[in-house]
Each structure stands twice: as structure tokens, then as C-alpha cells.
Amino acid sequence: TLRRDGAPLGTGGTFTQADVNAGLLSYLHADGEATTDSFGVTISDGTTTVGPTTISVAVAGTNDPPTLTVPGAQTGLEDAFNNLAGVVVGDPDSGNAAIQVRFSLTSGSVNVSTGVAGGVSAGQVSSNGSANVTVTAPLAAIQATFAANAGLRYTPATDSTDPFTINVTVDDLGNTGSGGAMQATGSINVSVTPINDEPTFDPIGNATVASDGSTFTTTITGVSPGPANESTQALNFTVTSNNQAVLPDGAIAITGTGSSRTLTATPTDGTAGSVVISVNLSDNGGTANGGDNIFTRTFTLTVTDGVDDSP
């Protein structure tokens, strides 16, 4: 808009040479990305008219800042990929030039999909699946990926239910115009819902015992309710035999507390055979959200007839 002393000069507006000499004439660029403009001028001294003459204006672009919208607080599942929807990036003047989106997490990791049609490629994402991920690509590709189902996912740190924060920075890398690079920032707070991990214990080796009143004894080591955040869970052992005639369930016992337990098995006197013993360990963490509260190992106990039955 051509202005005289700050006031717009519309079609048919006038100004004088004195206005020009006094510096009262100015041009105000419209709020947009156009880099050229023009207006027509007719000059008259009251007797003679010259024109119209077109005056062209070249506009030097000024870089506009990018925009960023992030979702509210999130709740995700422990040890799982969780979709992160609602991260929206914009930039009014980057065009097809690359901009950058950086994710920085206080814990856990972010994964950016590289398989979305029209979205970012693997070469445009650095350190994918880590706590510090950078996407450098044109705006359209970034928008396509972030808008897709599972385009963005986060995973809490392994076996952790601690809350964490996802920090997001959009950097237009100076695209496009004078004024240098400009940024927009946002953050997303994440709380974590626990998923129960199965308890565990070390393998038990196969063994042999005689059925002459002997008792097989072994130590079960490495007994654990799971990761550190499940250390207070209660544990319970159960055992079963696949050969009740040789070794009934009631003849097997597990005693003790802590990370080491004692298993004893007393076969029926005068029998022989192979027995597969299933040792089951359960915790009280439940199975909500896909949790697992039972762990099983098996071992084979070979029972020999230890009594001399010859005449």
C-alpha cells in the first residue's frame, strides 16, 4: 500500500512533489509472502499530464517463525510403543526447503515412521528410536508423517514407570528470508502405566535318583519377581509331575525364601521311570494391559529302582 504521511493512498489518491521532498511518501508491504509489487502513477502540473507510469517494488523477504502445536499430557504403557498424536508443525514461508524438528526426552525414546506415503525417509531422520531424534525434511513430508496413524510413537525406558517429558523444537533453519533461523518449542508430559513382567528363576538341570527311599534335593537359584520396580511382589511356587505313579505331586516340595529355594522330590518306593517336573512361579502383579504373572521351567528326573529284587 502506498501511503502519504501514514494514510493509505487508494485508487485516485494524490500526492505532491513537496510530499516526496518532505519524506511523507512510504510503501507498506501487505502481510504475505509476495516479493514483488507495483502501482501506477500519473503526473500532472495542472496543464500537462504524463503517464500512467508503473513503479515496481522489489520486496526483500523476512523469515517468519515456524509454528508448533503439541498435545496435552499423555499416559503410556510400560515397555510398549505408544502412539503420539497431535504434534502439528507449520511454517508460512519455508516452501520446499528443509526445516528441522528435534525431539529430546528426559527418559525413554521416540520413533518416527519412515514408511508413510509422502512422509519423511530414513535418511531424513537421525538417531531414530533414541532419546534425541532429529528430523530434517520439507514441511509437507513432516506434516504427512506426523499426521499418520503411528507416525510418531514413544516408548518409556525399559522396565520404568517413572514420568518423563518429551521436548519438541521446530527450527526453520532460516527458511526463508532475512533474519536468520527461528524456532518454536513445546513439551509433553508423560506418565506411565505399569505392565507386570513375569517372575523368573534359573534353569534346573536334569538328574537321577533311586526309588529306595532316597530324596532328590536341588537348589533353585535366581528367584526374582522381575525388574527392580516389581521387587515387592509376592511369589508362589507350584510343582506338577507328569508321572504320578512314580512321583506324585504331593511328594515334591519347595521351601525357603528369597532368591534361592530348595526343591525336594521323593519317588514312590520300588518304582522306576522318567518324570518331567514342571516348576511354576507366579507373582501377584496381575495380567492387566497384557501383563504376565507366571513363569515355568521343566526338568527331567530319572527314577531308578534302587531295591535288589533278585531271588
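Each residue takes its place number in the sequence, starting with 1. Just so it is clear, the values below take in all heavy atoms, side chains as well, and ignore hydrogens, waters and symmetry mates.
Here the side chains of Val125 and Thr114 are in contact, with some heavy-atom distance below 4.5 Å. Between Phe146 and Val89, the closest side-chain pair of non-hydrogen atoms falls below 4.5 Å. Looking at heavy atoms from C-beta onward, Leu281 lies out of side-chain contact with Asn236 at the 4.5 angstrom threshold. At least one side-chain heavy atom of Gln124 sits less than 4.5 Å from a side-chain heavy atom of Pro138. Between Val101 and Val168 the shortest side-chain heavy-atom distance falls below 4.5 Å. Within the 4.5 Å cutoff, the side chain of Ser127 has no heavy atoms near those of the Asn132 side chain. Looking only at side-chain heavy atoms (C-beta outward), Leu263 and Val279 come within less than 4.5 Å of each other. At least one side-chain heavy atom of Thr208 sits under 4.5 Å from a side-chain heavy atom of Thr304.
A donor-acceptor distance shorter than 3.5 angstrom exists from the side chain of Ser241 to the backbone of Asn243, with no hydrogens or angles considered. Judged by distance alone, the side chain of Asp79 and the main-chain N or O of Asp159 form a donor-acceptor pair under 3.5 Å. Judged by distance alone, the side chain of Ser187 and the main-chain N or O of Ile166 form no donor-acceptor pair under 3.5 Å. Under the 3.5 Å distance criterion, the side-chain polar atoms of Asn284 are matched with a main-chain donor or acceptor of Ala234. Asp64 contributes no side-chain N or O that, together with a main-chain N or O of Pro66, makes up a donor-acceptor pair within less than 3.5 Å. A side-chain donor-acceptor contact under 3.5 Å links Asn196 to the backbone of Asp292.
Nearest heavy-atom pair across Asp202 and Gly222 is OD2-N, 3.4 Å. Ser278 and Thr298 get closest at one heavy-atom pair: OG-CG2, 3.5 Å. In plain terms, the two heavy atoms of Glu78 and Ile195 that are nearest each other are OE1-N, 2.8 Å. Closest non-hydrogen pair, Pro71 versus Gly86, comes out as CD-O, 3.5 Å. Taking every heavy atom of both residues into account, Asp283 and Asp197 meet most closely at OD2-O, 3.3 Å. When all heavy atoms of Ala157 and Ser107 are compared, the pair lying nearest together is CB-OG, 3.4 Å.
The one candidate from Thr176, Asp172, Asn175 that meets the side-chain hydrogen bond (donor to acceptor under 3.5 Å, both in side chains) condition with Asn63 is Asp172. Each of Ser224, Pro199, Pro225 was evaluated against Gln233; a single residue qualifies, Pro225, per the side chain to side chain contact (heavy atoms under 4.5 Å, CB included) test. Checked against Val135 for a side chain to side chain contact (heavy atoms under 4.5 Å, CB included), the options Thr145, Val170, Ile142, Val110 give a single hit: Ile142.
The salt bridge (charged side-chain N to carboxylate O under 4.0 Å, His left out) search around Arg102 returns Asp171, not counting sequence neighbours. Evaluation of the salt bridge (charged side-chain N to carboxylate O under 4.0 Å, His left out) rule for Arg4 yields Asp19 as partners, not counting sequence neighbours.
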Requested in this report: Show the numbers, then the answer: is there a side chain to side chain contact (heavy atoms under 4.5 Å, CB included) between Ile204 and Thr218?
Outcome: CA-CA 8 Å; Ile204 303 171; Thr218 189; 4.2 Å; yes
Between Thr49 and Thr42, is the side chain to side chain contact (heavy atoms under 4.5 Å, CB included) condition met? List the steps. CA-CA 7 Å; Thr49 299; Thr42 299; 3.1 Å; yes
- Task: Step by step, work out the side-chain hydrogen bond (donor to acceptor under 3.5 Å, both in side chains) result for Thr75 and Ser191.
- Result: CA-CA 5 Å; Thr75 299; Ser191 58; 3.2 Å; yes
Worksheet item: Going through the distances and angles, do Val246 and Thr268 end up as a side chain to side chain contact (heavy atoms under 4.5 Å, CB included)?
Response: CA-CA 5 Å; Val246 175; Thr268 301; 6.0 Å; no
Side chain to side chain contact (heavy atoms under 4.5 Å, CB included) between Ile220 and Thr262, worked out: CA-CA 6 Å; Ile220 302 175; Thr262 299; over 6 Å; no
Please assess Asn293 against Ser282 for the test side-chain hydrogen bond (donor to acceptor under 3.5 Å, both in side chains), listing each intermediate value before the final yes or no. CA-CA 5 Å; Asn293 67 338; Ser282 62; over 6 Å; no
Residues Asp269, Ser211; criterion side-chain hydrogen bond (donor to acceptor under 3.5 Å, both in side chains); working and verdict | CA-CA 5 Å; Asp269 198 17; Ser211 61; 5.1 Å; no
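When hydrophobic residues (I, L, V, M, F, W, Y) are linked wherever their side-chain heavy atoms come within less than 4.5 Å, Phe81 remains an isolated member.
In the hydrophobic cluster analysis, where Ile, Leu, Val, Met, Phe, Trp and Tyr join through side-chain heavy atoms closer than 4.5 angstrom, Val276 is grouped apart from Leu247. Residues Val112 and Val190 fall within the same hydrophobic cluster, defined by Ile, Leu, Val, Met, Phe, Trp and Tyr side chains chained together at heavy-atom separations under 4.5 Å. In the hydrophobic clustering of this structure, Val88 does not group with Phe103; members are Ile, Leu, Val, Met, Phe, Trp, Tyr whose side-chain heavy atoms approach within less than 4.5 Å, directly or through other members. Using a 4.5 Å cut-off between side-chain heavy atoms of Ile, Leu, Val, Met, Phe, Trp and Tyr, with links allowed through other members, Val133 and Leu68 fall into the same hydrophobic cluster. Taken together through direct or relayed side-chain contacts under 4.5 Å among Ile, Leu, Val, Met, Phe, Trp and Tyr, Val70 and Ile99 form part of one hydrophobic cluster.
Here CG of Asn82 is found 8.5 Å from CD of Gln74. Values are rounded to the nearest 0.5 Å. How far CD of Gln100 is from OG1 of Thr169: 9.5 Å, rounded to the nearest 0.5 Å. Taken to the nearest 0.5 Å, the CG atom of Asp91 stands 6.5 Å off from the CG atom of Leu139. The OG1 atom of Thr264 sits 9.0 Å away from the CD1 atom of Ile252 when rounded to the nearest 0.5 Å. Put simply, CD1 on Ile277 and CZ on Phe216 are 7.0 Å apart, with the number rounded to the nearest 0.5 Å. Atom OG1 of residue Thr238 and atom CD1 of residue Ile254 lie 7.5 Å apart, to the nearest 0.5 angstrom.
In this structure, Asn21 places its CG atom where more than 12 heavy-atom neighbours from other residues, nucleotides or ligands lie under 6.0 Å away.
Remark: the Thr240 side chain and the Asp249 side chain contain no N/O donor-acceptor pair separated by less than 3.5 Å. Judged purely by distance below 3.5 Å, without hydrogens or angles, the side chains of Asp212 and Ser214 pair a donor atom with an acceptor atom.
Taking the six-membered ring where tryptophan is involved, the planes of Phe164 and Tyr154 are perpendicular, since the angle between them exceeds 60° and thus also 30°.
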